[in-house]
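Here is the structure we will look at.
First the proteins, then the strands, lettered A, B, ... as listed; each starts at 1.
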Amino acid sequence: MPELPEVETLVRGLRRSVVGRRVLEVRFGKTDFIDDAAAIERGVPGCRIAAIERVGKFFLLRLESAAAEANGRPPAALLVHLGMTGHLSPHRPEEPAPRHTHVVMPLDDGHELRYTDPRRFGRMALLSGAALQAEIARHGAEPLKIHENEFCTRLAARRARVKALLLDQRFLHGIGNIYADESLWHARIHPMRIAATLTRGQARALHRAIRKVLAAAIRAGGSSISDYRDADGRPGFFQIRHRAYDREGKPCHRCRARIRRILVAGRSSHFCPRCQRVPRSKQA
DNA sequence: CGTTGAACCTGTTTGC
DNA sequence: TGCAAACAGGTTCAAC
């Protein structure tokens, strides 16, 4: 569910509601998606949430603790990834917790921060210092920050299918299946095109399309396909502006040809067979 | 380097 | 109607 725009929307909501709050306690349901639940149980209670950042599809809850400072330990951060079905938001304790609520953190303002995730493809880890740096370093550039020239240069060096590359978090950090398909539609590029064979103009168009799509999606509060909600429980609205994703058989908004769905990099890929021409060579 | 398929897990939708 | 298969916003790993 959550790609960069959804995580960004959630981060903005959480900044208003939980930054500055102190975590009183951490309670767990299932913990098989957590790197080291015992470390979280030990290290998080008593900490103040000093800041919340988004890194790709990750949340970074920066923690401040008097104990760590006194011992000269580097500040820790709680890293959270929502996987396919994760959700993170504050609630009143009297509000019944839905099924699959696996982490509950009561805060000093009477609310509790809950992590809910039916499939448990998400991830949570308490990291600091070198381990935190390493985790961030293994991922690629932020798609809204990378410069056009660098984007084009890196694309030109790769023989992978462009869709596979957009989904590769070491190439760009934060794009998932929805925004890959939407960006390729806007740039009029077939998902199976080999990255290095794109013309400079096409590469620039893709860079521009990614920026445009992500920015518009953030303004719309993300895409709600079935269950995504922001920190205040409201759905996003970008799904009504999808041009390719989940539109198999529906008319292309540019040329009315029927949107097709094929498998690329093991993922459903939606594109317009007329606007996004098949690679000359073969395939698709 | 790159691709494919499976695995992780639960829920919902689709097809016969 | 009912059950099984297919599919889902993600990531990782083995095998080729």
Side-chain angles (χ1 to χ4, degrees), chain A residues 1-11 29-35 54-59 79-89 98-103 115-125 135-136 138-140 143 154-184 191-197 213-214 217-218 220-230 235-242 244-249 261-270 279 281-284:
Chain A
M1 152 217 337
E3 302 180 37
L4 188 153
E6 291 75 37
V7 176
E8 179 64 28
T9 301
L10 230 20
V11 160
K30 292 187 177 174
T31 57
D32 54 359
F33 64 98
I34 298 173
D35 282 19
R54 177 189 60 74
V55 179
K57 299 175 190 173
F58 284 104
F59 294 79
L79 190 78
V80 181
H81 193 294
L82 302 180
M84 290 275 252
T85 52
H87 188 66
L88 185 67
S89 59
R99 272 167 73 74
H100 309 298
T101 297
H102 297 302
V103 183
Y115 179 81
T116 302
D117 187 356
R119 293 176 76 178
R120 305 200 303 285
F121 283 178
R123 191 183 154 203
M124 193 174 291
E135 183 60 52
I136 293 170
R138 44 190 292 260
H139 296 95
R154 294 184 52 204
L155 262 190
R158 302 292 296 269
R159 301 283 311 169
R161 293 160 173 168
V162 64
K163 167 83 183 251
L165 220 45
L166 292 181
L167 292 178
D168 183 347
Q169 303 297 296
R170 290 163 309 193
F171 184 72
L172 284 182
H173 203 184
I175 296 177
N177 211 29
I178 294 178
Y179 299 104
D181 282 2
E182 292 302 302
S183 299
L184 290 169
M192 279 194 164
R193 278 292 296 277
I194 301 300
T197 70
V213 166
L214 293 179
I218 290 170
S223 301
S224 292
I225 300 303
S226 65
D227 54 10
Y228 168 75
R229 293 296 182 272
D230 72 13
F237 294 98
F238 195 68
Q239 64 280 5
I240 63 178
R241 283 199 268 156
H242 288 179
Y245 183 80
D246 204 21
R247 296 196 67 248
E248 183 181 15
R261 180 172 74 95
I262 59 175
L263 228 49
V264 184
R267 310 293 301 278
S268 275
S269 299
H270 313 75
S281 53
K282 187 181 150 67
Q283 307 290 328

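- Separation of the P atoms belonging to B:dT12 and C:dT11 is 23 Å when rounded to the nearest angstrom.
- A salt bridge between A:Arg261 and A:Asp246 is absent, with no side-chain N of the basic residue lying under 4.0 Å from a carboxylate O of the acidic one.
- Pairing analysis of DNA chain B (Watson-Crick: purine N1 to pyrimidine N3 plus N6-O4 or O6-N4; G-U wobble: N1-O2 and O6-N3; both under 3.5 Å) yields stems of 3 or more pairs at B:2-8 with C:10-16, B:10-16 with C:2-8.
- At B:dG11, one or more side-chain N or O atoms of A:Arg99 fall inside 4.0 Å of OP1 or OP2 (strictly under the cut-off).
- Ring to ring, A:Phe58 and A:His139 are close: their centroids are under 6.0 angstrom apart.
- Judged by a 6.0 Å distance limit and a 45° cone about the ring axis, A:Arg54 is not positioned over the six-membered ring of A:Phe59.
- Nucleic acid contact for A:Arg123: none, since no nucleic acid atom lies under 4.0 Å from a heavy atom of the residue.
- Among the protein residues, A:Phe33 comes within range of no part of the nucleic acid, since none of its heavy atoms lies under 4.0 Å from any strand.
- Here the C1' atom of nucleotide B:dT3 and the CZ atom of A:Arg159 are 14 Å apart, to the nearest Å.
- Residue contacts for A:Gly266: at a heavy-atom cut-off of 4.0 Å it reaches no nucleic acid atom on any strand shown.
- Going from atom CZ of A:Arg267 over to atom C1' of C:dG9 covers 8 Å, rounded to whole Å.
- Comparing the P positions of B:dC9 and C:dC3 gives a spacing of 25 Å, expressed to the nearest Å.
- The residues A:Arg170 and A:Asp168 are annotated as salt-bridged, a charged nitrogen and a carboxylate oxygen being separated by less than 4.0 angstrom.
- Using a 4.0 Å cut-off between charged side-chain N and carboxylate O, A:Glu135 and A:Arg123 make a salt bridge.
- Comparing the C1' positions of C:dG9 and B:dG2 gives an interatomic distance of 24 Å, to the nearest angstrom.
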